[in-house]
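Encoded as structure tokens, the structure appears first; notes follow it.
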Amino acid sequence: MLIWLSRSEEDTYLFGKWIGSNTKAGDIILLFGQMGSGKTVLSRGIAHGAGVSGMVNSPTFTIMNSYSALHPVFHFDLYRLNEPEELYDLDYEDYFFGIGITIVEWAERLDYLLPEEYLKISISREQKVNERKITVCPVGSRYAAWKEVLQNYEGIGS
Ligand SMILES: Nc1ncnc2c1ncn2[C@@H]1O[C@H](COP(=O)(O)OP(=O)(O)OP(=O)(O)O)[C@@H](O)[C@H]1O
Ligand SMILES: [Mg+2]
């Protein structure tokens, strides 16, 4: 597990880029945190780090945006999801358990569809207005290799 303090939007973006640059085909990255905590900023960094070029914004009205890169990147925002079942209509399993990299904002909404294995990232506001605490935790044996990746984090810019 890695706990890291971001002091700016740029910090969070660059941290996301570092995460994205370490992703492998099939990775699921679930983001937890309140409104305005920085999930979209982090997602943008992750997508760019995974090789996506161009604009990355939250898929507010579509639930999911897909981008092509070395591996396809699927960016979900579940804020407007009423019931986890709605994900079946989107054939979400094809994305989650396929060859791409899946990033999910508002992963709290997955509820009973929470996968067994994933990279968990929680982001929360801290006392200072631009500070965010980012906690990264690999869940399940498939993500064991991430433990070493997280241990070797040397700060942004490295
Ligand atoms: N350290 C920081 N990291 C990320 N964002 C920050 C930070 N400090 C301030 N901010 C600001 O917080 C906001 C984060 O917005 P963002 O859309 O990423 O949040 P979100 O968690 O995706 O919200 P929502 O739940 O509405 O989707 C931005 O306005 C950003 O400028
Ligand atoms: Mg967002």
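What's counted below: heavy atoms across the whole structure, side chains too, no hydrogens, waters or symmetry copies. For ligands, and for the atoms within them, numbers begin at 1 and follow the listed sequence.
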Report, in ascending order of atom number, the atoms of ligand 1 lying under 4.0 Å from any heavy atom of Gln34. 21 (O)
Would you check the N or O atoms of Ser58, main chain and side chain alike, for any that come under 3.5 Å of an N or O of ligand 1? no
Do the side chains of Leu42 and Val129 join up, straight or via other hydrophobic residues, at under 4.5 Å, putting them in one cluster? no
Value for CD (Glu131) from OG (Ser124), rounded to nearest 0.5 Å, stands at 10.5 Å
Check Glu105 and report its N/O/S atom nearest to the Mg ion (ligand 2), by atom name. OE1
Phe32, CZ: over 12 other non-hydrogen atoms inside 6.0 angstrom: yes
Ligand-side contact atoms (ligand 1) for residue partner Ser8, heavy atom cut-off under 4.0 Å: 1 (N), 2 (C), 3 (N), 7 (C)
OG1 of Thr23 to CG of Leu70, rounded to nearest 0.5 Å, is 8.5 Å
Distance to 0.1 Å, residue and atom name: give those for the protein heavy atom nearest to atom 16 (P) of ligand 1. Gly38 CA, 3.9 Å
Name the closest protein heavy atom to atom 4 (C) of ligand 1, giving the residue it belongs to and the distance to 0.1 Å. Thr12 OG1, 3.4 Å
Check ligand 1 against Glu105 and write out every atom of the ligand that is under 4.0 Å from a heavy-atom position of the residue. 22 (O), 27 (O)
N, O or S from Asp77 under 2.8 Å to the Mg ion (ligand 2): no
Select the closest option to atom 7 (C) of ligand 1 among Lys128, Glu126, Glu9, Arg44, judged by heavy-atom distance. Glu9
Do any N/O/S atoms of Thr40 come under 2.8 Å of the Mg ion (ligand 2)? yes
In terms of residue, atom name and distance, what is the protein heavy atom nearest to atom 18 (O) of ligand 1? Val41 N, 3.0 Å
Starting from atom 20 (P) of ligand 1, what is the nearest protein heavy atom, named by residue and atom, and what distance separates them? Lys39 N, 3.4 Å
Just need the protein heavy atom nearest to atom 11 (C) of ligand 1, so name the residue and atom and give the distance. Arg132 NH2, 3.7 Å
Can you tell me if Trp106 has a non-hydrogen atom under 4.0 Å from ligand 1? yes
For a ring-ring contact (aromatic ring centres under 6.0 Å, His included) check, start with the C-alpha distance between Phe76 and Phe96, then their side-chain angles and the critical distance, and finish with the verdict. CA-CA 10 Å; Phe76 286 78; Phe96 274 49; 5.3 Å; yes
Interfacing atoms of ligand 1 (cut-off 4.0 Å, heavy-atom, Asn130): 1 (N), 2 (C), 7 (C), 8 (N), 9 (C)
Contacting atoms of ligand 1, where contact means under 4.0 angstrom from a heavy atom of Thr40: 17 (O), 18 (O), 20 (P), 22 (O), 27 (O)
Relative to each other, are the rings of Tyr153 and Trp4 parallel, tilted or perpendicular (30° and 60° limits)? perpendicular
Check: Lys120 side chain, Val139 main-chain N or O, donor-acceptor pair, under 3.5 Å: no
Inter-residue atom distance Tyr92.OH - Met64.CE, 0.5 Å rounding: 13.5 Å
In terms of heavy-atom contacts, does CD of Glu117 have more than 12 from other residues, nucleotides or ligands at under 6.0 Å? yes
What is the ring orientation for Trp18 with Phe15, classed by angle as parallel under 30°, tilted 30 to 60°, or perpendicular over 60°? tilted
Using a distance-only test with no angle check, is there a side-chain donor-acceptor pair under 3.5 angstrom linking Asn82 and Arg109? no
For atom 23 (O) of ligand 1, what is the nearest protein heavy atom, given as residue, atom name and distance? Gly36 N, 2.9 Å
Nearest-neighbour protein heavy atom for atom 26 (O) of ligand 1, which is reported as residue plus atom name and distance: Met35 CG, 3.4 Å
